[in-house]
Amino acid sequence: MPVDRSIKKVLLIGAGPIVIGQACEFDYSGVQACKALKEEGCKVILLNSNPATVMTDMADAVYIEPITPKIVDKILSKERPDALLPTMGGQTALNCTKQLAELGILEKYGVRLIGLTLEALEKAENRKSFREAMVHCGIDVPASNVSRFPLIVRASFALGGQGGGVAHDEEELSLLYKEGAIVEESLIGWKEFELELLRDQKGNGIVVCGIENVDPMGVHTGDSMTVAPIQTLTDKEYQLMRKRSFDVMEAIGMTSGACNVQFAVHPGTGRMLCIEVNPRVSRSSALASKATGFPIAKIAAKLALGYHLDELHPFCFEPTLDYVVVKIPRFNFDKFPKADRRLTTQMKSVGEVMGIGRTFKESLNKALSSLEGPQHLQTGIDPWFLSQMAELDEEEKRLSSHTLDTVGFSHLWHCKRLGLSDARIAALLNCQEEQIANRRKELKIHPVYKRIDGNSSEFPLDIPCMYSTYEEECESLPTNHKKILVLGSGANRIGQGIEFDYCCVHAVKAIRELGYEAIMLNCNPETVSTDYDTTDRLYFEPLTEEHVQEVIRIEKPLGVIVQFGGQTPLTLSRTLPLIGTCFSSIDIAEDREKFRLFAKNLGIKQPKNGVFYTKDGALALSRTIGFPLILRPSYILGGSAIEVVEDEAQLQSYLSRVSYVPPVLMEAYLDGAMEVDVDALSDGEEVSICGVIEHIEPAGIHSGDSMSLLSPYLLSEQLQEALIEQTKKLGLSLKAVGLFNVQFAIKGGEIFVLEVNLRASRTVPLLCKITGLPLVQIATKCLLGQSLKSQGVCSKIEPKLLGLKLPVFPFSRLQIPDEPLGPEMKSTGEVLCTGKTFNELFMKARIFSLQDKSLFTRQLEVSIPQPEVETPLDVYDIAIL
Amino acid sequence: MHMAINKEKMGLLALEDGSLFYGQTSGHSTTVCAEIVFNTAMTGYQEVCTDRSYSDQIVLFTTTHIGNVGVNCEDFESDRITTKGLLVREMSKTTSSWRSEKSFTSFLEEHGVPWIEGLDTRKLARHIRQNGSMRGCMMTGGIDEKLAVRLAAAWRPTTELSYFPSHTIQGGPKIVVYDFGVKEQIVKKLKGLGCDVIVLPGTTPSSEALALNCDAIVLSNGPGDPTSIDLEEIKKLVFSKKPILGICLGCQLIALAFGGTIKKLKFGHHSVNHPVYDRKNNRVFITSQNHSFAIDEVPPGFEVTHHSLFDGTIQGIAYNRVVGFQGHPEGSPGPEYSELFDELIKLCR
C-alpha cells in the first residue's frame, strides 16, 4: 500500500508526565512525529498531560488533559481525526489505545489505527500471547516450565519493568505474581542486547542500531550502562540476531514502524533467546537516534502513513559507527534513603547521559564526566568491558605516581585520549583543574571535533552534530556567522528535568529567528535539544567547564546563554562570557550571605535569618533565631541539602551528615505560611510579570513538589500588587535580563522573600501554555537586545486559561511508602489541569488522581479543594489561545 | 608529529600522495605496500582479513575496536590471512567470546601480518573518500618517510592468486564454482542448500568444467581488475546455456563477456550496510559489498535487476538463466541475501 493520502488529520497521544521509565525521550519522538506528519500535509491533534513538552507547541490542536479514554472520546468527537498514531507516547499511549479499542471508541468515530495493529499490540505486550507467538514461529524464548529459583516474573503491559521482578523463593514469587504475568527461568548474568528496527509495509526492514548492555541480564536496560555499537559478538552471531529480530516483528504482526527487540545470550554457550519486544519508539530508540544521527521516530511516523523505506532517501540504510557511545543512567537515590539501591528488573533511574568518543574508554570517561557526580557501577560485566576498565584503572594509577611537573606532553596527550577530564587528571596529580587546563594550553593539547555521520565517513553527509576527541583532523569547520552558545541541562534528574530542555529549544528558535547561529552543548540523549535539526550546530559533550571552554575556543561565539538549562549551566557561569544577567548578580542570588545583605539593603523582608560557615557558627546562630529552622546551602539544585530542623539534635545531625556549600543560610521556619512564586521577564529596563503562582501546600515544601495554581486563588489583590512590586524591584536591582523567578512566603499579611533564581524556572513552560505566549523566546530576544516594549509585551501578562499543576512522585516505582514532603524536591514531573473555572481544575485534578494513583501522593486528594458543584468538564485546545 | 608514541613501536603509513599517518605497532619491523581500502563493517574482522577478495590490499577498519571476539575456527573465508596489513584505531588486548580460540593479535603475529593502531583512522578514511583509493606503504621499525612514500607510489598490483586445488563437496544439484578468490561462506551456503559443489581454480579451461556435466556454474568473487582475467574462457562458460550466478567479480565478468563495460569506482564499496533495490520484487535489501569496480554499460539484452540506493550503481543484471549480483549474497561479514542462492537452485530444476 503506498502513502495513504486519505489520512489528513492524525491524533497523537503523548506519554504524560515524566516518571521513572518514561522521560523526555517521548517528547523527542513526539516532536519528530509532529514534524513528519505536518511535512506530509497532515493536521496533528495532540493529547498530552505534560505541559513542559516541546511537542505541545507544535501540533495544530493541543489538549493538555488527562490521558484517559473518556477524554480521548471528547477530543475525537470535537476534532474527528482520520487516524490515531499510538506509537510515540510510550506505554501510556499504548495502554490508552488498547482501552479505546476495547471500549469501541475508535470504531465509534471511524478512527483508524496507524503504525501499529491491535494484534501486534496484544502479542507484544501481553506476556502469554508474546510467548505463544514466538514459540509458534520457532523463536527461542526463556523456558517457562521451570521450578528452580530464582525465577523471573514478567508483568504484561508494563512500564519500566513495573510489576515484575526476581523471585528467590516461594514467598517472593507469591508477592510478585499477578494476573497476566508469566514466570520464566532466570537469565541473570546473561549478556543482553537490543536492536532498534524499522520496517515498512512491503516487508523491507533495517536495523538502525545494535546496543549492548554492559550490565548483564537482571538489571533493567534503563538502569544499565549500555554501549553502541555492539562489542562482544562476532559477525555470525550478530547476523543471526539481526535476522531473528525481523522474524520477531513478523511474528507479532508488526507491519510497519519502529520496534525494539531485546535478546539474552548465554556467555558460555551462545544460546540466544528473545526476551522482549516493544512495538513503538522507546528510550533506546532515542539513544539509537542520537548515537547514529538517524531520526527513528520521524521515519516511523512516515512509515505509519504508508511510505516505503526506499522512498525515504537517504534513510534506507543501516548506520555504521566509527566511534563508541556509552550511556550511563542517572540515579537519585540520594533523595530516597529508604529505597533499595540494588538494581533489578524494575527500572529505578531518573535520567541518563551519553558520552561519545572514539574509543570505549574515552566515551566511558566522557559519560562519567557528564554525570556531574559519582554513581556506582554494577558487577557481572563482560570480561571485555572489565578489561577496558582495568586498563583505565592502570593508567590512572600510573598517572597518580606523577606530579604536574613530571607529566610531559606525551603522557598528557595519552591521558586526554583516554577521555580523562582535566578535573580527573588534576585529582590524580593532586593539583587544580585550572593548572591542567593551562598546561594543555601551553602544550597546545586541544581536542578536535568529529562529525556524527552514522556512515563512518563513507558518504559525505552534512550533519551538524559533533563530539570531541584527541586526534589529528578537526571536522568542526566553524562558520564566521554571529553565533550564540546555549548550554543545555544535562541528565534528567529530580529538580532539573524536561522543563529546561523545553526552554533551551525555544531559546534556540528565537536565536535563529534573529539571524544568529545557535550552538547547543548538551549530553542528554533523550532530549529535543540534541536533535539534529533543532540547532545550527550541536556539540554532544559533558556540561563541564573544560568542554564548554573548548567549544568557545573553536566556535568563538558572541556569548553564552546559561539561564535556560537549569542550575547546571548556572554553576559554570563564573568564567563564561555571559549573555544576559551578569555573573556578579548570579553570585548575589546564589550566595546566601550576599543575598541576605542585598535584600536587607533593598528593604525587602526575609524571615529572621543569618548565615554560618562552620559547625560552631551554626549552633550559636540557631540559638538567636530559634527552632524550627530551615537550612539553605548556596548554589544548589532542586532543594538538595535544604532541610527543616526542629531542634538542636536534628541540627547536629544535619551538620555531621550533609555536605554543603557554605555559606549556609539559616532562617526561621514560617509555620503555615503561604508560598507564592513569581515568574518574570526583564530587558534590564523594565520588568514584565508572567505569572503569580499560588502554592496549595504551605511554605516549607519545595516549589517543585507543591500543587500550584497558575493564577491567584486566595491571594488578595493588595498582596498581589505588593508581590509584583517587590519582584520588579529585585529584578531591576539585580539587573536581571531574560527570565527570573522569585519565591515568597506570606504569613499574617506580611511578605517575605525566600530566594531569587536568575534563570528560567520550572513553571515557565506551564505559563507559556496558559498565556499562549512564547515567554522563552521573548526572554531570548531581550537577551539579544530587544526591549519588552518593542516586542509588544506589557508589564503584566494575563493568563487566558486557568491552570493547576500537579506534581508526580516516584515512591511507588521505587517501592517505598509515600514520604512526607519537605524542602527537598522529590517529584519527577508534573501534569497540568486546564479549565475556565477553579471548580473545573479541581475536578480534573481528581480525574488525574484516580487515573493513576501510584503517581500521586495520597495527600493529593485531601489537599485538592473540594469542587463546589459538579460541572460538566470540557477539553481546551491551547493551540488557539 | 602530534602523538604520544613509543618510538620502538612506532608505525608509519605513507600514502602515494605524500600523506603520513603514525601509530603503534606490535613491534617487529617490516615494510609492506598495497592499495588501501576502508571497510565500515562493525563486525566480521576475521571474515574480512581471510577473504581472498582483499588479497594484496591493506584494510583500514573504520569501526573502533578490533579483536574483541578473538578468532575462531568456523569463521574463516579461506585458509589464510589474505590482507597484507591492517590499520585500526584500537586493537583489543583481551578477547571475549565463547567461540574464541585465539587472540586476533597473536593470529596476525603468527602469520606475519603487520598492523598499525592508534592512527586517526577517520581522517584516513575521509582522505580516501575525498581523493580516491590510494596506494600506501606500511613501515614498522626503522622508519624512513621519504622511502615509504616512494615505495607506495611505485607499488603495482599483482594478480597472482593462489588457488585451492579442485575439490568436491558432496550434496544435491551439482554446482561448479569457478574460484577467482571464492569466499568459504559461498561454498558453505551452497552446501547448506543441499548442493554438490565442485570448486575449480579460476584458470581451469572451460571445456574441463563443462565436461563435469554440472547443473549450474557460479563465478566467484575475487581480487583485482576483472579485465585481467581470460574472457574467452568465461564466454564459453556463460554461453553454455547453463544457469550462471556471478558474484561480485563474477558479476563483472558476465557483463564483460556479453559486451558490457566496467569502470573503476573512486574508492569502491567496502561495507555491510548498502541498500540495494530489487526491481523485480520492489524490495530493498541491506547487502554486504566489497568491490572497487562496477558495471558501467549493461550488456545488450540484459536487464538491470538491482541498483544501489546509495549511489545508483548497477548492482544486479540478468538475462534468461544468467544472473549477476554485485554484492555478496553470502554476507560474512554482513547480512545474507539468500534469495539469490534459492533462485539459483530453482534454475537448476
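Here is how names work: the chains are called A, B, and so on, in the same order as the sequence lines, proteins then strands, and each is numbered from 1.
Checked against Phe317(A) for a ring-ring contact (aromatic ring centres under 6.0 Å, His included), the options Tyr277(B), Phe285(B), Phe310(B) give a single hit: Phe310(B). The only member of Asn282(B), Val284(B), Asp278(B), Val276(B) that meets side chain to side chain contact (heavy atoms under 4.5 Å, CB included) when paired with Asp310(A) is Val284(B).
Interface residue Phe459(A): backbone and side-chain heavy atoms are both found under 4.5 Å from chain B. For chain B, no part of Leu309(A) is nearby; none of its heavy atoms comes within less than 4.5 Å. Neither the backbone nor the side chain of Val448(A) comes within less than 4.5 Å of any heavy atom in chain B. At a 4.5 Å heavy-atom cutoff, the contact between Pro267(A) and chain B is made by backbone atoms alone. With a threshold of 4.5 angstrom between heavy atoms, Pro319(A) approaches chain B through N, CA, C or O but not through any side-chain atom. The contact between Phe267(B) and chain A is made entirely by side chain atoms (from C-beta outward), counting heavy-atom distances below 4.5 Å. With a 4.5 Å cut-off on non-hydrogen atoms, Ser100(B) does not touch chain A at all. Heavy-atom distances place no part of Tyr45(B) under 4.5 Å from chain A, backbone and side chain included.
To the nearest 0.5 Å, atom CG of residue Asn72(B) and atom NZ of residue Lys236(A) are 8.5 Å apart. Here CD of Glu90(B) is found 10.0 Å from CD of Glu362(A). Values are rounded to the nearest 0.5 Å. Once rounded to the nearest 0.5 Å, the distance linking CD of Glu336(B) with NZ of Lys243(A) reads 8.0 Å. For the atom pair CD (Glu391(A)) and OG (Ser92(B)), the distance works out to 7.5 Å, reported to the nearest 0.5 Å. Put simply, CZ on Phe385(A) and OG1 on Thr94(B) are 10.5 Å apart, with the number rounded to the nearest 0.5 Å. Here the CG-CD1 distance, from Asn273(B) to Ile206(A), works out to 10.0 Å after rounding to the nearest 0.5 Å.
Put simply, the side chain of Lys191(A) reaches to within 4.5 Å of the side chain of Trp98(B), judged on heavy atoms. Taking the side chain as every heavy atom from C-beta outward, Arg358(A) and Asp120(B) approach each other to under 4.5 Å. When side chains are defined from C-beta on, Glu458(A) does not count as touching His270(B), because their heavy atoms never get closer than 4.5 Å. Side-chain contact between Glu471(A) and Arg89(B): present, with at least one pair of heavy atoms (C-beta onward) separated by less than 4.5 Å.
Relative orientation of the Phe360(A) and His65(B) rings is perpendicular, given thresholds of 30° and 60° on the angle between their planes.
The residue among Thr64(B), Thr95(B), Asn281(B) with the most heavy atom pairs within less than 4.5 Å of chain A is Thr64(B). When each of Lys123(B), Arg129(B), Gln185(B), His274(B) is scored by its heavy-atom pairs under 4.5 Å with chain A, the top score falls to Arg129(B). The choice from Asn204(A), Ile230(A), Leu412(A) that makes the most heavy-atom pairs within less than 4.5 Å of chain B is Asn204(A). Residue with the most contacts toward chain A among Ala41(B), Gly334(B), Ser332(B): Gly334(B) (heavy-atom pairs, distance under 4.5 Å). When the candidates Gln388(A), His266(A), Glu475(A) are compared by the number of heavy-atom contacts under 4.5 Å with chain B, Glu475(A) comes out ahead. Contacts with chain B were tallied for Val207(A), Thr469(A), Thr232(A), Thr269(A); Thr269(A) has the most, counting heavy-atom pairs under 4.5 Å.
When only modelled atom types and interatomic distance are considered, Arg99(B) and Thr234(A) share a side-chain donor-acceptor pair under 3.5 Å. A donor-acceptor contact closer than 3.5 angstrom links the side chains of Asp235(A) and Thr43(B). In summary, the side chains of Ser456(A) and Arg122(B) do not present any donor paired with an acceptor at a separation below 3.5 Å, with no hydrogens or angles considered. Residues Asp382(A) and Ser96(B) have side chains that bring a donor and an acceptor to within less than 3.5 angstrom of each other.
In this structure, Asp322(A) contributes its side chain and Thr63(B) its backbone to no donor-acceptor pair below 3.5 Å.
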